[in-house]
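This report refers to the structure that appears directly beneath it.
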Number of protein chains: 2
Amino acid sequence: MSDGRPGPFGGGESLLFLTDEQLRQGIEAMFFAYRGFTADPDRILAKLAYGRAHHRAIHFINRAPGTTVNNLLSILGVTKQSLNRVLRTLIADGLVESRVGTVDKRERHLFLTEQGHALEAQLSDAQRERMRAAYKDAGPEAVQGFRKVLEAMMDADMRRAYVKLRETSS
Amino acid sequence: MSDGRPGPFGGGESLLFLTDEQLRQGIEAMFFAYRGFTADPDRILAKLAYGRAHHRAIHFINRAPGTTVNNLLSILGVTKQSLNRVLRTLIADGLVESRVGTVDKRERHLFLTEQGHALEAQLSDAQRERMRAAYKDAGPEAVQGFRKVLEAMMDADMRRAYVKLRETSS
DNA sequence: AGTTTAAGTCAGTGATGTTGACATTCCAAG
DNA sequence: CTTGGAATGTCAACATCACTGACTTAAACT
């Protein structure tokens, strides 16, 4: 099924880009690119005995300061036990602060400390630098296409979280 | 540094796509999209008590039949001990066959069995289906840009492996 | 008072990765 | 031909991380 041969379409729309071969190249490109995408932060984190989970937590706490634990869980898509282990070490190490909610005292609101901000900056500088180089290489039109495909690849609930974050920004 | 303001360029080349804000949106898009990218295979693998490592091994053995363990290691970027555990279970389960090399008996050449091919097809069908939907949504020009940015994001040695695989194909 | 919700914890399991030791095979220098 | 080093692959022990499930605590809701 779906061998992707052009077929008898009159609209002049080539469907060659939907062949299994093209799709597989896209899949492999995604695999290798993601390794590059995480390589620089991973190097920094390894020295601190942290993992990607710590990076993700720091990133999104910086992105949405004061977020609750539950909120963070739904963004990260991990279990609370898993997140809790990460948060515990980050709080113990003085990178994250957890404040009891004023309106609802059951909630804990998360913030980066000064130290936390420093590590966040170090991590995202490294990641942005690679991203910037790739963007510059590929050019603005390519970047637009890149974003378009990525957004189409998300699950519905991820896209909701993503869009929500975009709205919050700036 | 590099706040990405347009700046005094006369060439009409807008550099707005290189702002930190744009880069961060790209980073987050990459994060959420990769989750979608792996979600379908992950669901299938979970039922079989396999993980992503098994998927990767199966994918690349299918892609380059007869590859040696060492070769696979350089593509996957893990330690040989880690890969070995995965291979051992796949061989024990009858999905992969390991043949002693004829010219160099130290080497083991890896092949998928019929069962292995069946699982590979199941996994890549699921992944391709999502990819196809995303590609179709985004359109051919977007796909071209997507690929361009991904390739620019790879490390040099990953790009080498990626290009080599592309050459091998069909 | 009873139920629900938010957060945190403990125990057990499984996948993944690492280091270290080891066996086999190849190859080249003596 | 022999011997020692290098390459390839395997096995064992250990650490990390994430998950499920059950439970506790505290606060909010009804």
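Naming: A, B, ... by sequence-line order, numbering from 1 per chain.
- Using a 4.0 Å cut-off between charged nitrogen and carboxylate oxygen, B:E107 and B:K105 do not count as a salt-bridge pair.
- Residue B:L76 contributes atom CG, which lies 13 Å from atom P of D:dG9 at whole-angstrom precision.
- Rounded to a whole Å, the CG atom of A:L72 is 15 Å from the P atom of C:dA6.
- Of the options B:M154, B:R160, B:R159, a side chain to side chain contact (heavy atoms under 4.5 Å, CB included) to A:F32 is made by B:M154 and by none of the others.
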Could you go step by step and tell me if B:S124 and A:R24 meet the side chain to side chain donor-acceptor pair (under 3.5 Å) rule?
-> CA-CA 8 Å; B:S124 71; A:R24 209 201 27 197; over 6 Å; no
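- Per the geometry, CG belonging to A:L90 stands 13 Å off P belonging to C:dG8, to the nearest Å.
- In this structure, B:L48 atom CG and C:dG14 atom P are separated by 15 Å, rounded to whole Å.
- Residue A:T79 has no polar side-chain atom (N or O) positioned under 4.0 Å from OP1 or OP2 of D:dA18.
- Of the side-chain N and O atoms in A:S82, one or more sit less than 4.0 angstrom from OP1 or OP2 of D:dC19.
- Within the structure, every side-chain polar atom (N or O) of A:N84 is placed at least 4.0 Å from both OP1 and OP2 of C:dA7.
- Between B:D155 and A:R35, none of the side-chain N atoms (NZ, or NE/NH1/NH2) sits under 4.0 Å from a carboxylate O, so this pair counts as no salt bridge.
- The side chain of A:N70 contributes no N or O atom lying less than 4.0 Å from OP1 or OP2 of C:dT5.
- What separates CG of B:D42 from C1' of C:dT16 is a distance of 14 Å, to the nearest Å.
- B:R56 comes within contact range of the sugar-phosphate backbone alone, with a heavy-atom separation under 4.0 Å but no base atom that close.
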Report each atom pair, protein N/O against N/O of nucleotides 12-14 of chain D, whose distance is under 3.5 angstrom.
none

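- Residue A:L87 contributes atom CG, which lies 14 Å from atom C1' of C:dA6 at whole-angstrom precision.
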Give the C-alpha distance, both sets of side-chain angles, the deciding distance and a yes or no for salt bridge (Lys or Arg N to Asp or Glu O under 4.0 Å) between B:D20 and A:R132.
-> CA-CA 9 Å; B:D20 281 359; A:R132 191 192 319 278; 3.4 Å; yes
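- Atom CD1 in B:I58 sits roughly 15 Å away from atom C1' in C:dA15 (whole-Å rounding).
- Atom CG of B:L73 is separated from atom C1' of D:dG9 by 9 Å (rounded to the nearest Å).
- With hydrogens and angles disregarded, no donor-acceptor distance shorter than 3.5 Å links the side chain of A:H59 to the backbone of A:H55.
- A cation-pi contact, defined as under 6.0 Å to the ring centre and within 45° of the axis, is absent between A:R130 and A:F37.
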Reading 5' to 3' through nucleotides 23-30 of chain D, protein heavy-atom contacts under 4.0 Å coded B for base, S for sugar-phosphate only, - for none | ----BS--
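- For the side chain to side chain contact (heavy atoms under 4.5 Å, CB included) test with B:R56, the passing option among B:I61, B:L72, B:I75, B:L76 is B:L76; the others fail.
- For B:E120, the CD atom sits in a packed shell: over 12 heavy atoms of surrounding residues, nucleotides or ligands are nearer than 6.0 Å.
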